[in-house]
Amino acid sequence: MKFLKVVTFFVITLSLSDNIQCARILGIFYYPGKSHQMSAVTLMKILANRGHEITVVSPIGEENTPENYRQVVLKEVNEMIPDQIKNYFKLKLHPYIINYVVTTMMIPLINSTLSHPKLHDLITTEKFDLVIMEQLFSDGLAYIAHLLDVPVVYFSAFTDSLVSNPCIGNPAWPSYAPDIYSSYTSEMTFFQRLDNTVIFVINELIRNLVTLPTQNKMVQMHFPGAPHITEYYHRASIVLLNGDLSVNEPLPKVPGAIDIGGFHIRPSKPLPTDLQDILNTAAQGVIYFSMGGNIKSVDIPIEKRTMLLNVFSKLKQTVLWKWEADHLPNKSDNIVIRKWLPQNDVLAHKNVKLFITHAGLHSLLETIYHGVPCLNIPVFVDQLFNAKKTVVGGFGKTIHFDDISEENLLLAIDELLQNPNYAENAKKRSMIMRDKPMSPADTIAYWVEYAIRHKGAEHLKVASLKLYWFQYLLLDVVAFLVLCVLVLILLMKYSLKIIVGLLRENRKKSGSK
Ligand SMILES: *[C@@H]1O[C@H](CO)[C@@H](O)[C@H](O)[C@H]1NC(C)=O
Ligand SMILES: *[C@@H]1O[C@H](CO)[C@@H](O)[C@H](O)[C@H]1NC(C)=O
């Protein structure tokens with residue numbers, strides 16, 4: 001009997017783990033942004049390494065993929081990338097309108113993904129166990145999981161933010177949760193809270209009046225008979241967030257909101273020998289300068305570039321500059337240019353003293369991982385917000401791209417290099433990032449498999465998702481209580497009137513007697 005039990009136990013465990021080990025996972029990553037696609041590939045490769053059968057639907061193909069990683073490339077979506085995004089220096093928007101602009105820029109891309117014959121072929125001829133998709137104002141895409149009747153896990157390229165909070169019910173209250181389009185921290189003054197609240201309300205309105213209705217229409221157009229978007233837009237119980245407590249301020253999260261920030265960082269590899277030599281032999285250390293994958297240094301307007309060149313020429317350090325052309329006119333001898341640099345391996349080198357960065361999230365996470373202080377030159381969207389975190393953490397300084405001058409650049413670089421606190425704080429943050437029960441890659445695998453094991457993990461879903469906004473804000477309860485108090489006051493007033501009236505009458509009667 002006991003033997004039978006043991007055998008049954010093993011059979012069950014084996015079949016369970018078997019099941020999970022070769023799950024068929026469909027990834028949908030519609031947005032062709034460089035860092036988004038890089039995240040997608042890294043994420044799906046992590047799952048492929050676990051033995052899952054991966055299919056990725058995305059606008060850009062990846063070259064080196066393992067055997068169990070199949071790609072369905074929707075080229076047409078990539079060709080639709082709006083011109084506005086091509087030169088980031090020209091895209092400067094106020095936080096009150098940026099979300100509207102970004103959200104509406106995404107709509108044609110989502111539309112084109114939803115209508116693509118390759119996607120339709122795939123989902124009508126094949127079966128999957130789970131859908132994983134980037135959530136970027138793209139609630140309509142969750143319909144694919146609804147149609148396949150499988151769980152969906154969201155990935156967000158940001159920390160907990162307006163992009164993912166409403167989908168999963170994170171309690172991001174504008175009194176202490178700063179919007180990623182702002183440059184605020186959790187501790188805000190009255191006027192910052194006011195501003196943050198206005199941004200919050202605008203974002204809610206855009207979501208409810210533009211994003212959801214438009215995507216509902218698109219889904220019903222491309223999938224006749226599809227139910228209303230409210231049937232499936234809360235389908236995900238788990239969202240993987242590109243955040244980490246080493247960079248983000250702590251905020252309460254629902255149980256299914258999982259930080260996986262730093263998952264893109266792989267163990268550092270040896271540098272190419274020419275670079276290795278440059279880094280080894282720089283007697284005063286190296287400053288690494290890169291504006292990231294989306295923003296190109298060659299697009300920096302000439303007057304700003306001249307300022308940078310002048311400042312760098314005054315430094316004793318070697319400046320390693322990611323410059324996407326063959327020549328950089330007027331560059332001083334201490335500047336070394338490369339069209340591309342293995343950023344993670346460069347930052348891992350002990351001789352790198354400072355990283356001058358656009359403060360994109362991936363760059364920031366890498367600089368924290370390697371404990372290198374940074375000078376942020378933010379340009380766009382969440383970069384200002386990210387940059388602020390390095391200032392709070394005491395390992396960075398920020399100069400907005402528009403405010404660059406030779407004086408403030410030189411001053412900031414000097415301060416960052418001379419004051420040892422910055423490097424110390426960077427090391428402290430690095431320790432926080434590395435102090436984890438599980439690596440980000442294992443965390444991803446664990447939670448994706450968890451969603452499969454528990455058929456979508458409904459039990460993680462918070463009830464606030466089912467409430468109307470006025471119920472969530474308890475406005476109905478407050479209104480009821482106010483009404484009760486009013487009724488009570490009126491009743492008291494009325495009864496008092498009656499009592500006083502009776503008393504008067506009594507007095508009159510006794511007076512007239
Ligand atoms: C989506 O694409 C279809 C064509 O496939 C077009 O008719 C429709 O207007 C588009 N919808 C939106 C909201 O762009
Ligand atoms: C290089 O420097 C010279 C002299 O300062 C200046 O006239 C020229 O415009 C500069 N060229 C570029 C491309 O910055």
Side-chain angles (χ1 to χ4, degrees), residues 99 103 130-146 150-182 186 196-197 199-213 215-216 227-245 248-261 382 385 443-444 446-448 450-452 454-478:
N99 188 23
T103 310
L130 176 111
V131 172
I132 178 164
M133 56 173 256
E134 174 166 14
Q135 171 55 263
L136 187 63
F137 313 113
S138 52
D139 299 78
L141 289 174
Y143 177 67
I144 306 299
H146 178 89
V150 295
V152 56
V153 168
Y154 283 154
F155 163 73
S156 172
F158 305 93
T159 179
D160 41 333
S161 71
L162 78 157
V163 176
S164 54
N165 287 337
C167 317
I168 187 149
N170 261 340
W173 203 226
S175 54
Y176 66 97
D179 189 85
I180 52 166
Y181 294 137
S182 77
S186 280
N196 196 49
T197 307
I199 301 177
F200 178 84
V201 172
I202 292 175
N203 292 344
E204 283 294 311
L205 290 175
I206 292 173
R207 175 173 165 80
N208 287 290
L209 301 179
V210 182
T211 314
L212 296 178
Q215 295 195 25
N216 178 51
H228 194 263
I229 195 163
T230 47
E231 295 281 309
Y232 53 81
Y233 73 148
H234 286 150
R235 193 176 180 85
S237 300
I238 293 170
V239 56
L240 306 172
L241 298 167
N242 202 3
D244 189 80
L245 283 172
N248 302 118
E249 293 169 292
L251 286 171
K253 291 190 185 73
V254 296
I258 310 296
D259 271 343
I260 57 159
D382 63 324
F385 175 82
T443 308
I444 290 170
Y446 174 80
W447 284 101
V448 168
Y450 186 95
I452 299 173
H454 299 284
K455 315 261 178 273
E458 276 292 312
H459 63 281
L460 294 179
K461 229 170 249 177
V462 292
S464 65
L465 292 173
K466 294 187 189 138
L467 299 176
Y468 287 109
W469 60 275
F470 57 86
Q471 292 174 320
Y472 178 75
L473 296 177
L474 289 172
L475 294 185
D476 50 348
V477 172
V478 171

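In this structure D160 satisfies the salt bridge (Lys or Arg N to Asp or Glu O under 4.0 Å) test with no other residue, sequence neighbours excluded.
Taking OG1 of T211 as the reference point, atom CG of L205 lies at 10.5 Å (rounded to 0.5 Å). From W469, atom CH2 reaches atom CG of L475 across 6.0 Å, with rounding to the nearest 0.5 Å. Taking CZ of F200 as the reference point, atom CD1 of I202 lies at 12.0 Å (rounded to 0.5 Å). Taking OG from S156 and CD1 from I258, the interatomic distance works out to 13.5 Å, rounded to the nearest 0.5 Å. The NE2 atom of H234 sits 8.5 Å away from the NZ atom of K461 when rounded to the nearest 0.5 Å. We find the NZ-OH distance between K466 and Y472 to be 15.5 Å, quoted to the nearest 0.5 Å.
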task = Start with the C-alpha gap between V152 and Y154, add the side-chain angles, then the distance that decides, and say whether side-chain contact (heavy atoms from CB on, under 4.5 Å) holds.
result = CA-CA 7 Å; V152 56; Y154 283 154; 4.2 Å; yes

task = Evaluate side-chain contact (heavy atoms from CB on, under 4.5 Å) for N99 paired with F137, printing each intermediate quantity in order.
result = CA-CA 10 Å; N99 188 23; F137 313 113; 3.5 Å; yes

task = For Q135 and V239, run side-chain contact (heavy atoms from CB on, under 4.5 Å): C-alpha distance rounded to whole Å, both residues' side-chain angles, the deciding distance at 0.1 Å, then the answer.
result = CA-CA 9 Å; Q135 171 55 263; V239 56; 5.6 Å; no

message = Could you go through D259 and K253, starting from their C-alpha distance and side-chain angles, then the distance that decides it, and tell me whether this counts as side-chain contact (heavy atoms from CB on, under 4.5 Å)?
response = CA-CA 10 Å; D259 271 343; K253 291 190 185 73; 3.6 Å; yes

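Below 30°, between 30° and 60°, or above 60°: for H459 and H454 the angle between ring planes is above 60°, a perpendicular geometry.
When side chains are defined from C-beta on, F158 counts as touching L136, because their heavy atoms get closer than 4.5 Å. Residues L240 and V448 form a side-chain contact, since some pair of their non-hydrogen atoms from C-beta on lies under 4.5 Å apart.
Nearest heavy-atom pair, G256 versus L460, reported as atom, atom and distance to 0.1 Å: CA-CD1, 4.2 Å. The heavy-atom pair separating F385 from D179 by the smallest distance is CD1-O, 3.4 Å. The minimum heavy-atom distance linking G243 with N248 is given by the pair CA-OD1, 3.2 Å. The shortest non-hydrogen separation linking Y450 to I238 is CD2-CD1, 4.1 Å. Scanning both residues, N216 and H228, for their nearest heavy atoms gives ND2-CD2, 3.2 Å. The two atoms that bring G261 and D244 nearest to each other are O-OD1, 4.1 Å, heavy atoms only.
The pair E204-R207 does not count as a salt bridge, with every side-chain nitrogen at least 4.0 angstrom from each carboxylate oxygen.
Proximity of a side-chain donor or acceptor of R235 to a complementary backbone N or O of V150 within less than 3.5 Å is detected. Judged purely by atom type and a 3.5 angstrom limit, D139 has no side-chain atom pairing as donor or acceptor with the backbone of L212.
Residue pairs that meet the salt bridge (Lys or Arg N to Asp or Glu O under 4.0 Å) test with at least one member in residues 168-178, sequence neighbours left out, do not exist here.
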Would you give me the side-chain donor-acceptor pairs under 3.5 Å for residues 161-178, sequence neighbours excluded?
| from | atom 1 | to | atom 2 | distance (Å) |
| --- | --- | --- | --- | --- |
| S161 | OG | T159 | O | 3.4 |
| S161 | OG | V163 | N | 3.1 |
| N165 | OD1 | N170 | ND2 | 3.0 |
| N165 | ND2 | S161 | O | 3.1 |
| N170 | OD1 | V254 | N | 2.8 |
| Y176 | OH | P171 | O | 3.2 |

